Number of protein chains: 2
Amino acid sequence: MADPSRRSPAKQAAIVAAAAQLVAEIGYAAVTIEAIAARAGVGKQTIYRWWDSKAALYVEVYSQMVQVDEFPDMVDPRRYMGAILRQVFDLYAATSAVPILAGLISDAQRDDVARHALVHGLIGGRGPVLAQPLRQACRDGRLPADFDVDWAAEMAVALIWKRVLSGGALDHAFADRIVAAVLSGEGGPCR
Amino acid sequence: MADPSRRSPAKQAAIVAAAAQLVAEIGYAAVTIEAIAARAGVGKQTIYRWWDSKAALYVEVYSQMVQVDEFPDMVDPRRYMGAILRQVFDLYAATSAVPILAGLISDAQRDDVARHALVHGLIGGRGPVLAQPLRQACRDGRLPADFDVDWAAEMAVALIWKRVLSGGALDHAFADRIVAAVLSGEGGPCR
DNA sequence: ACAATACGAGACGTTGCGTCTCGTCAAGGT
DNA sequence: ACCTTGACGAGACGCAACGTCTCGTATTGT
């Protein structure tokens, strides 16, 4: 139906920007497609043409907002995880990513796109950022060969989601506690 | 306005039962107040008189559904936590509590009653079930005196919420992993 | 018996949904 | 240069559920 090559990049950017603005102003739940369209100076159909739902649109907003650009060196798993988490939390603090993430987790109970993003995509899986580097560390002997990477990633994601959902602090201290909990003992003093 | 002493217990029970039925049949998100009223043979106003919102009603449904009746003995913190978690997960498996919990966590981003239940009430705090017994174990020397009970409870709750939200398994194996992660080392072989 | 009020039923206005139908416009093909 | 195609802005449209309200009836305590 819709031909991606004919899509207007300017409109897309205006819509994403309007969505980001509105969430900062009135909160995720209060944002409507109609308000985004009005703010962006765009017809409703132009939004519905390219995104299935409000949640689908915000998956894109969130992805653009939380871009992990520079990966720290994997010298030590503990240092790596701490650095990556602090980087993400700094991005959270500088943007409206947290309310968007909370809204997306919430919408995932109703919306297929949000659910998929939550379980497999950027938001939930975090494969390239968390699981993959840790798996590499296992192969390199920086972590025990039988270290359960998937479980570690699940714990980290769970703790983050919980604070996002209940409004807890997402600061560097929290990042350090996650690292300590997820890599408890491994490569540390207990071993 | 509304006088609790004149409230009809039969109507209340019918409403709660209808709400529980409907969530099992069509899922939390699809349930409407109007459908609950129709199913319970009740006027809409009778629901709105006693509950602020759908979420507020389901907080009560969930509370009735997940009643931890018998507390296991606190001989060993690991055994205690394992027993209590298995008991809760068995209740989850026997009822529609999981979709309700997922719906409530979702609604907590929009609804004040759900948010309060999530942060302070039965759902999020879990004080009497988790934190309090662990705190007692600390005083009794069954856990290190500097053991961080709040952090342990937060981890357990976070892991449960994450699986509830993303549709993961809530079985005895998961219960054991939570215990191992939350009480890692404490009272175990590493210490 | 009487006052107070919970209750069933359903009308009511409101909001946002997602679809649709216009007329306009820009781009690519012939 | 013309013509087709499809994106676009604007907004009308029907729909569903919200939360409030107003009836008339039933129940309860004094």
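If you're wondering where the values come from, they're calculated on a predicted model, not measured in any experiment. In the text below, chain A, chain B and the rest are named by the order of the sequence lines, each starting its count at 1.
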Rounded interatomic separation in angstrom, taking [atom1] from [X] and [atom2] from [N]:
| X | N | atom1 | atom2 | result |
| --- | --- | --- | --- | --- |
| A:D107 | C:dC17 | CG | C1' | 14 Å |
| A:E34 | D:dG11 | CD | P | 12 Å |
| B:I47 | D:dT20 | CD1 | C1' | 15 Å |
| B:R39 | D:dA17 | CZ | P | 15 Å |
| B:D52 | D:dT20 | CG | C1' | 14 Å |
| A:L57 | C:dC17 | CG | P | 12 Å |
| A:D3 | D:dC8 | CG | C1' | 14 Å |

* Are A:R135 and A:D140 ion-paired here, with the side-chain N under 4.0 Å from a carboxylate O? ->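 Judged by the 4.0 Å cut-off on N to carboxylate O distance, A:R135 and A:D140 do not form a salt bridge.
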
Side chains of residues 65-73 of chain A: which donor-acceptor pairs under 3.5 Å do they make with residues two or more places apart or in other chains?
| unit_1 | atom_1 | unit_2 | atom_2 | d |
| --- | --- | --- | --- | --- |
| A:Q67 | NE2 | A:S63 | O | 3.2 |
| A:D69 | OD1 | A:Q87 | NE2 | 3.0 |

Are there over 12 heavy-atom neighbours, none belonging to [X], within less than 6.0 Å of that residue's [atom1]?
| X | atom1 | value |
| --- | --- | --- |
| B:D90 | CG | yes |
| B:R79 | CZ | no |
| A:D112 | CG | no |

* To do: Report the residues that fulfil ring-ring contact (aromatic ring centres under 6.0 Å, His included) with B:F174, sequence neighbours left out, ordered by chain and then residue number.
  =>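 Expected list: B:F89.
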
* Quick one, give me the B/S/- string for nucleotides 19-28 of chain C, reading 5' to 3', where B means a protein heavy atom under 4.0 Å from the base and S means that only happens at the primed atoms, P, OP1 or OP2. => BB-----B--

* **Toward the 5' end of DNA chain C, by each residue's nearest nucleotide, A:S53 or B:A37** =>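 On the 5' side of the pair lies B:A37.
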
Closest contact, heavy atoms only, [X] versus [Y]:
| X | Y | result |
| --- | --- | --- |
| A:A180 | A:R78 | CA-NH2, 4.2 Å |
| A:C138 | A:V149 | SG-CG2, 3.9 Å |
| B:Y80 | B:V129 | OH-O, 2.9 Å |
| A:V182 | A:A152 | CG1-CB, 3.3 Å |

* Asked: Where along residues 12-33 of chain B does a heavy atom come under 4.0 Å from DNA chain C, residue by residue in number order?
  ->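 Of all residues in residues 12-33 of chain B, none places a heavy atom under 4.0 Å from DNA chain C.
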
List, one per line, each side-chain donor-acceptor pair under 3.5 Å for residues 19-34 of chain B, sequence neighbours excluded.
| unit_1 | atom_1 | unit_2 | atom_2 | d |
| --- | --- | --- | --- | --- |
| B:Q21 | OE1 | B:R39 | NH1 | 2.5 |
| B:E25 | OE1 | B:R39 | NH2 | 2.9 |
| B:E25 | OE2 | B:R39 | NH1 | 3.1 |
| B:Y28 | OH | B:D107 | OD2 | 2.6 |
| B:T32 | OG1 | B:A35 | N | 3.0 |
| B:E34 | OE2 | B:K44 | NZ | 2.7 |

* Asked: Is the shortest side-chain N/O distance from A:R7 to OP1 or OP2 of D:dA7 below 4.0 Å?
  ->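 It does not, given that no N or O in the side chain of A:R7 lies less than 4.0 Å from OP1 or OP2 of D:dA7.
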
* Asked: To the nearest 10 degrees, how far apart in direction are the end axes of the helix from C:dA1-D:dT30 to C:dT30-D:dA1, each fit to five base pairs?
  ->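 The value is 20°.
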
* Asked: C:dG8, D:dA7, D:dG9: which one has an atom nearest the side-chain heavy atoms of A:W50?
  ->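 The closest nucleotide is D:dA7.
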
